[in-house]
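Shown next, in structure tokens, is the structure this report addresses.
Start at 1 with the first residue, then count along the sequence.
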Amino acid sequence: MAPYFFPPMWEQRRICIARKLYAQRVQSVVEVGCGEGNVLGFLASCADDDEHPITHLAGIDIDSNALTMAREQLQPTAAEQRDLRVDPLKVELFHGNAMELVEGLQGDAVVCTEVLEHVDEHTGVQRLTRAVLGGYRPRLAVFTTPNAEFNVNFPALCYGGPDARFRDADHKFEWTRAQFAEWAHRAAQEFGYEVSLSGIGMSMRNASEDFVDCGGCTQMAVFERQDDVSQDSGTCQKAKLSQQGGGEELKDDEGPESNENIGGPPRLFATIDYPTFAEPPMESVALQSLVRRIALDIADSGQTFQAEDLWAELEIRQQFKRRRAMLAWLADSEHAVAGQSPHTPSAFSIRS
């Protein structure tokens, strides 16, 4: 069997990106070069922080065909139409050159994954970096790009030889770790960020004895804005961007319809609003009955009952909205038998 990544590289990248976003408690994300919306879809479906939920996602891409697929993929599923989420989520897709700013668009974070290598190594990378770090100036920015050194583990790429080629025919370049670090540290200094570098996909299953340990298959840079840096920097960069106008497209596209020469900033392509639970809260007696029923069901199944088991139930999340509100309710002596832990089924008082 040939060597392979587990989980697959695409999944490892999305997991790593999501973890970085959740760790910084971002609630709005802009993806530059969103393509078919795979990363946006992952973020829309796997939020795990009820105190700081992601409520706004935006994607920008030059390829209208890809955006059409993203619009279809990001529609709420039948399950999401039935099992209504607690917090609102709006997704906006923009069609145009991502090196130009969308008027009024802001995000706690900007994600640019596997896009750098599709633009010109000099002018394209410079303009894309300036748009993200100098134009949008998010408090967090995540970039990923292939690690060229890892290509030595893909014999078909002939890394280091006269017949060497890139992983994708559309790649304009692929950077080594040193080249990526040089760009990242220079960008961080210019735009007032701190940057940390890491690898994704450090090993492969079923790898041969000749496997070369040379960092991750993908390399990631996470930029965190320095709060003490003047925002004048970002304002000046936005002015420069507006003066420069168009420029290189984000990616070379495949079909004539998606190869349109779009002038001006990206235009709104689609808006998707996810349905949310909007019913009035239960009366106290009904809520106690619901909690008791779920608690007893869990206990009857033979599991060790914990408060987290309650939170896993959609009905409970819809009623309490926040985990801390549920815990406070459970701890309230009005809802628990005195002297007993409120986190056990027998602790819930019965109201008639």
Side-chain angles (χ1 to χ4, degrees), residues 14 17-18 21-22 25-50 52-115 128 131-132 135-142 238 241-242 246 249-251 253 255 257-279 318 321:
R14 293 174 201 174
I17 291 169
L21 300 179
Y22 296 147
R25 298 180 171 181
V26 304
Q27 295 187 267
S28 55
V29 181
V30 176
E31 186 183 7
V32 172
C34 66
E36 298 168 5
N38 295 319
V39 173
L40 295 176
F42 188 81
L43 294 175
S45 63
C46 68
D48 62 354
D49 185 350
D50 64 286
H52 306 88
I54 293 177
T55 59
H56 184 213
L57 294 169
I60 310 168
D61 206 279
I62 193 74
D63 188 343
S64 60
N65 294 327
L67 286 176
T68 297
M69 297 180 69
R71 180 175 59 194
E72 295 173 358
Q73 179 178 207
L74 290 165
Q75 294 296 324
T77 64
E80 288 168 322
Q81 297 276 5
R82 180 190 68 241
D83 302 332
L84 301 178
R85 60 178 61 214
V86 171
D87 296 290
L89 175 63
K90 171 178 282 191
V91 180
E92 293 180 302
L93 300 175
F94 295 88
H95 181 213
N97 188 338
M99 296 181 194
E100 294 195 39
L101 302 182
V102 178
E103 183 78 23
L105 181 62
Q106 293 181 319
D108 293 334
V110 172
V111 172
C112 186
T113 177
E114 307 301 287
V115 173
L128 187 57
V132 173
Y136 290 115
R137 285 198 63 75
R139 60 181 176 88
L140 187 77
V142 181
K238 289 181 180 180
L241 282 165
S242 62
E249 292 182 351
L250 181 60
K251 292 183 181 180
D253 300 301
E257 292 184 2
S258 59
N259 242 347
E260 300 164 283
N261 185 15
I262 300 171
R267 301 187 294 267
L268 183 64
F269 183 86
T271 299
I272 303 164
D273 288 297
Y274 281 65
T276 56
F277 183 79
E279 294 182 15
Q318 290 173 336
K321 311 296 185 185

I'd like to know if the side chain of His95 reaches the main chain of Pro266, judged simply by a donor and an acceptor atom lying under 3.5 Å from each other, with no hydrogens or angles considered. no
Just by distance, do the side chain of Glu103 and the backbone of Pro265 share a donor-acceptor pair under 3.5 Å? no
Measuring only between side-chain heavy atoms, which start at C-beta, is Ile17 closer than 4.5 Å to Phe42? no
Positive for side-chain contact (heavy atoms from CB on, under 4.5 Å) with Val30, one of Ile60, Val102, Leu57, Leu40: Ile60
Are the side chains of Lys321 and Phe277 in contact, using a 4.5 Å heavy-atom criterion? yes
If every non-hydrogen atom of Met99 is compared with every non-hydrogen atom of Asn97, which pair is closest and at what distance? N-OD1, 2.9 Å
Evaluation steps, side-chain contact (heavy atoms from CB on, under 4.5 Å), between Thr113 and Glu31: CA-CA 8 Å; Thr113 177; Glu31 186 183 7; 3.5 Å; yes
Can you find a heavy atom in the side chain of Ile272 that is under 4.5 Å from one in the side chain of Pro76? yes
What is the minimum heavy-atom distance between Val26 and Ala109, and which atoms define it? CG1-CB, 3.9 Å
Gly135 versus Leu101, closest heavy-atom pair with distance: CA-CD1, 3.7 Å
Just by distance, do the side chain of Thr276 and the backbone of Asp87 share a donor-acceptor pair under 3.5 Å? no
Nearest heavy atoms of Asp61 and Cys34, plus distance in Å: OD2-N, 3.3 Å
Check Gly107 against Ser28 and note the closest heavy-atom contact, atom names and distance. CA-OG, 3.4 Å
Within the structure provided, determine whether Leu140 and Leu21 are in side-chain contact (heavy-atom separation under 4.5 Å). yes
Passes side-chain contact (heavy atoms from CB on, under 4.5 Å), Asp50 versus Val86? Steps please. CA-CA 9 Å; Asp50 64 286; Val86 171; over 6 Å; no
Counting C-beta onward and ignoring hydrogens, is there a side-chain heavy-atom pair between Pro275 and Gln81 closer than 4.5 Å? yes
Using 0.5 Å steps for rounding, measure from the CG atom of Asp273 to the CG atom of Leu89. 8.5 Å
Applying side chain to side chain donor-acceptor pair (under 3.5 Å), name anything that partners Glu92, two or more places apart in sequence or on another chain. His56
Enumerate, atom names and distances included, each donor-acceptor pair closer than 3.5 Å involving a side-chain atom of residues 67-75, sequence neighbours excluded.
unit_1 : atom_1 : unit_2 : atom_2 : d
Thr68  : OG1    : Ser64  : O      : 2.9
Gln73  : NE2    : Glu36  : O      : 2.6
Gln73  : NE2    : Asn38  : OD1    : 3.3
Gln75  : NE2    : Arg71  : O      : 3.1

Using a 4.5 Å cut-off on heavy atoms from C-beta on, say whether the side chain of Gln27 contacts that of Pro53. yes
